[in-house]
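Taking it in order: structure first as structure tokens, then the write-up.
Indexing begins at 1, ligand by ligand and atom by atom, following the structure's order. Note that these values count all heavy atoms, side chains included, but never hydrogens, waters or copies made by symmetry. All residue numbers in this chain count up from 1 along the given sequence.
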Amino acid sequence: MRRIETVRELRRWSEAERTAGARVALVPTMGALHAGHLSLVEHARRRAERVVVSIFVNPTQFGPGEDLDHYPRDLERDLDRCRAAGVDVVFTPGVAEMYPPGGQTRVEVGALAEPLCGRSRPTHFGGVATVVTKLLLAARPHVAVFGQKDFQQLLVIRRLARDLLLEVEIVGAPIVREPDGVALSSRNRNLAPAARRQATALVRALDAAEAARAAGERRRDALLALVRRELAKAPDAELDYAELRDPETLEPARERLAGPALLALAVHLPGSEPGARVRLIDNRVLEDPS
Ligand code: PAF
């Protein structure tokens, strides 16, 4: 496995692979790799002969007062995990490599970036879109793989690849869960022990809504009431949002659901450091039982 730290070297490597006829896949990450990321690598390996994992904690997607400084970092362990997973290249640029000093250009995303996480994190998707565009231009992959846990992010990236005429296939990989159902996230390790136990409320809320929808419930507000009831069982959870939306456009769901609907959740739970809060998200597409 090769470690590359500059855009120039990554581009050279990718171009040589493409010229030799290899398909290249990119898995963008912010490190602190867990089994969820490794499943993205697996998806990438199925679709390409060469896999690049980027590890870069992107400062522009964190708002003021968010957890940039507390975002978990463990590069040596990440490199070991990538090696064991058969990754070909790990791209670990510094901040100045991705954001040359004096930079003035950003990628701005429209309506898809406004609801859900965009409402409480108004600069987040602009930062994600900017860094992902740069990573795609640097690695020139045929395919790039992202987790469906960040469902809105996946839609934003699909849209930016289309809008900016980037020739790349964007693949969404299913959410990987702990044995108790909690979606894997690098932030889980920052939860206080009692909060970690309460984190199961998110998946229970998704399960309850899915079961009700499968049994024929189509009233949006009844489904959301069910979700809030389940979330209320986590006494320390503070709701950011629980919403039903169109899984392609993110338009709000109608009063009576017709067709698949995205149920998206975000809550804050206490972190292990005094006064810290950890924001967890989860989602599921509720299929139309008919
Ligand atoms: O999902 C993430 O880890 C990040 O948002 C991404 C896509 C690597 C961009 O920094």
>> Does any part of the side chain of Arg45, heavy atoms only, come nearer than 4.5 Å to the side chain of His43, both counted from C-beta?
In response: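 Contact flag for His43/Arg45 side chains = no.
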With ILVMFWY side chains joined below 4.5 Å, transitively, what does [X]'s cluster contain besides itself?
X      : answer
Leu38  : none
Leu265 : Leu191, Leu202, Leu206, Leu223, Leu224, Val227, Leu231, Leu239, Leu244, Leu257, Leu263, Val267, Leu269, Val278, Leu280, Leu286
Leu33  : Met1, Val27, Leu40, Val41, Val51, Val53, Ile55, Leu75, Leu79, Val87, Val90, Val143, Val145, Val171

What are the distances between nitrogen or oxygen atoms of ligand 1 and protein nitrogen or oxygen atoms, counting only those under 3.5 Å?
| unit_1 | atom_1 | unit_2 | atom_2 | d |
| --- | --- | --- | --- | --- |
| ligand 1 | 1 (O) | Gln153 | NE2 | 2.8 |
| ligand 1 | 5 (O) | Gln61 | NE2 | 2.9 |
| ligand 1 | 5 (O) | Gln153 | OE1 | 2.7 |
| ligand 1 | 10 (O) | Gln61 | OE1 | 2.6 |

>> Looking at Glu230 and Ala201, would you say the former's side chain and the latter's main chain have a donor-acceptor pair under 3.5 Å?
In response: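 Looks like no, no N/O pair under 3.5 Å.
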>> Less than 6.0 angstrom from the centroid, inside 45 degrees of the normal: does Lys134 satisfy that with respect to the ring of Phe56?
In response: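 Lys134 over Phe56 ring: no.
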